[in-house]
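Have a look at the structure below before the remarks.
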There are 2 protein chains.
Amino acid sequence: MNVGKHYTRPMPSATETRKALKLAEKLCQERGVRLTPQRRNVLAVINASDQPLGAYDILEQLRAQQPRIAPPTVYRALDFLLTEGLIHKLESLHAFVGCHHPDHPHHSQFLICEDCGEVDELHSPLVRDSLDDAAKARGFAPKHSTVELLGRCARCQA
Amino acid sequence: MNVGKHYTRPMPSATETRKALKLAEKLCQERGVRLTPQRRNVLAVINASDQPLGAYDILEQLRAQQPRIAPPTVYRALDFLLTEGLIHKLESLHAFVGCHHPDHPHHSQFLICEDCGEVDELHSPLVRDSLDDAAKARGFAPKHSTVELLGRCARCQA
DNA sequence: AGCCGTATCGTTACTTTATAACATACGACC
DNA sequence: GGTCGTATGTTATAAAGTAACGATACGGCT
């Protein structure tokens, strides 16, 4: 897959990754859902990456430990993590990123740099409200939003 | 593919479709690009549909007249039509719809009904501006936007 | 008209992304 | 210990998209 071509920022630290996993565990416990080892593994791979990962990228990484793991296992874990709001899917890349604020449901907006692959997760209330208003004006009841801007990040323009 | 399951609104009239094709021809001529028969055929199929169509749906329809047509031909036509702003791609559905305002470039926002498959193309200046502002605040230079709300349209709620 | 360069298209084969279907395992509860 | 629901393993296949290369068509030129 390899989204970024030029600059790539440093991988998330092991500490950050562990903290994210701890939070995920806590949230799942609170909600009465199970963060099973497979789901945890998938989340760990995603959180440990500095780039969005495709399902088959994740698969490949998991095969290092579990050579016989197959696509449905990964997709099932991804479905779970999406449902629980622990990750996001970037539709325009067919790739997945960890959620920065998994503790409450939200619309997110993503700025995706085509040069370096960096993904910036925003939660602009203005964007959210303007979208809600637009939907309301049409009597439309939104369940899920996909908001992705593709372009160049500040660093790659400089 | 078959996006809509329940209500489906009537197909666009032949008159509408013809008008859209006329406009597309005019725009292409003005721009010095060629709306070739294959491109025209693909556009016609998309415009004649009341639902977003996947590339392979389009392929299948074209095969009625041209049994040996292959995926690359369709994808090339789709690329052209996207570049010229004559159609849009709905990333969350892997499907394509005709553009309602092909005469000037624009960000669009889409309201996609999960029940009936209807797609509403919006051009809310508030949404556009709030997204531009959010991007600007991060020094991000957007090239393309994907804004899609999935949910239920007014009719399907009633 | 004939020639050239480029754009478009045909064709084959293939890659990448995603899911259906069914078998097996495992844990919670009676 | 049986059985019910949830999660996973496993095989196969569907759906979406592209690479590569040759053939043909088109527009501009002399």
Side-chain angles (χ1 to χ4, degrees), chain A residues 1-3 24-25 28-29 31-46 51-63 65-84 86-97 146, chain B residues 1-3 24-25 28-29 31-46 51-63 65-84 86-97 117 146 148:
Chain A
M1 179 136 287
N2 247 327
V3 175
E25 255 159 26
C28 287
Q29 201 154 35
R31 296 174 190 171
V33 297
R34 295 169 51 203
L35 187 64
T36 63
Q38 290 291 31
R39 292 165 177 175
R40 201 177 188 287
N41 291 342
V42 170
L43 183 58
V45 168
I46 291 172
Q51 302 269 321
L53 294 179
Y56 281 74
D57 295 331
I58 296 166
L59 185 65
E60 197 180 332
Q61 290 206 37
L62 294 176
R63 289 224 231 248
Q65 306 301 326
Q66 252 180 300
R68 302 191 46 76
I69 193 170
T73 300
V74 174
Y75 280 102
R76 287 192 282 234
L78 290 170
D79 283 346
F80 171 85
L81 297 169
L82 284 170
T83 300
E84 295 305 323
L86 298 170
I87 61 173
H88 293 289
K89 177 168 193 181
L90 302 178
E91 295 287 351
S92 53
L93 299 182
H94 303 286
F96 302 85
V97 290
T146 299
Chain B
M1 176 131 299
N2 249 327
V3 175
E25 256 160 27
C28 286
Q29 201 155 34
R31 295 174 192 170
V33 297
R34 294 170 52 204
L35 187 63
T36 63
Q38 291 292 30
R39 292 166 177 175
R40 201 177 190 284
N41 291 342
V42 170
L43 183 57
V45 168
I46 291 172
Q51 303 268 321
L53 294 180
Y56 281 74
D57 297 330
I58 296 165
L59 185 66
E60 199 180 331
Q61 291 206 35
L62 294 177
R63 288 224 232 250
Q65 306 301 323
Q66 252 179 301
R68 301 191 47 76
I69 194 170
T73 298
V74 173
Y75 279 102
R76 287 192 281 232
L78 290 170
D79 283 346
F80 171 85
L81 297 169
L82 285 169
T83 300
E84 295 303 322
L86 298 170
I87 62 172
H88 294 290
K89 176 167 192 179
L90 302 178
E91 294 289 352
S92 54
L93 299 183
H94 304 285
F96 301 85
V97 290
T146 299
E148 301 172 14

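Within every chain, numbering begins at 1; the chains are lettered A, B, ... in the order of the sequence lines, protein sequences first and strands thereafter.
- Atom pair Leu53(B):CG and dG17(D):P shows a separation of 13 Å (rounding to whole Å applied).
- Between His94(B) and His94(A), the ring planes are parallel. Angles under 30° get that label, and only those over 60° would be called perpendicular.
- For dG17(D), the OP1/OP2 oxygens have a side-chain nitrogen or oxygen of Lys89(B) closer than 4.0 Å.
- Put simply, CG on Leu59(A) is 12 Å from P on dG9(D), counting in whole angstrom units.
- Scanning atom types as modelled, one donor and one acceptor separated by under 3.5 angstrom connect the side chain of Tyr56(A) and the base of dA18(C).
- Counting any heavy atom pair closer than 4.0 Å across all strands shown, Arg39(B) reaches sugar-phosphate atoms only and no base atom.
- Counting to the nearest Å, the C1' atom of dT11(C) and the CD1 atom of Ile69(B) are 12 Å from each other.
- Distances from the side chain of Gln66(B) to the nucleotides dT19(C), dG10(C), dG17(D) place dG10(C) closest.
- Close to dA15(D), at under 4.0 Å from its OP1 or OP2, lies no side-chain N or O of His94(B).
- Using a 4.5 Å heavy-atom cutoff, the side chains of Glu84(A) and Leu35(A) are not in contact.
- In this structure, CG on Leu78(B) lies 4.5 Å from CZ on Phe96(B), to the nearest 0.5 angstrom.
- The CD-P distance, from Gln38(A) to dT24(C), rounds to 19 Å in whole Å.
- Mapping Glu91(A) and Ala70(B) onto DNA chain C via the closest heavy atom, the residue that lands nearer the 5' end is Ala70(B).
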Inset, instruction - Give the intermediate values and the outcome of side-chain hydrogen bond (donor to acceptor under 3.5 Å, both in side chains) for residues Glu91(A) and Thr146(A). - result: CA-CA 7 Å; Glu91(A) 295 287 351; Thr146(A) 299; 4.9 Å; no

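- Out of dC26(D), dT6(D), dG10(C), the shortest distance to the side chain of Arg34(A) is found at dT6(D).
- Checking dA7(D), dG9(D), dT8(C) against the side-chain heavy atoms of Thr36(A) singles out dA7(D) as nearest.
- A donor and an acceptor atom never sit less than 3.5 Å apart when one is taken from the side chain of Arg76(B) and the other from the base of dG17(D).
- If you check dG10(C), dT17(C), dT19(C) against the side chain of Thr73(B), the one that comes closest is dG10(C).
- With rounding to whole Å, Leu93(A) atom CG is found 13 Å from dG17(D) atom P.
- The closest donor-acceptor contact from the side chain of Glu148(B) to the backbone of Ser92(B) lies under 3.5 Å.
- Nucleotide dT11(D) holds its C1' atom 10 Å from the CZ atom of Arg68(A), rounded to whole Å.
- Protein atom CD1 of Ile58(B) is 13 Å distant from nucleotide atom C1' of dG17(D), rounded to whole Å.
- Taking atom CG on Leu78(B) and atom P on dT8(C), their separation rounds to 15 Å, with Å as the unit.
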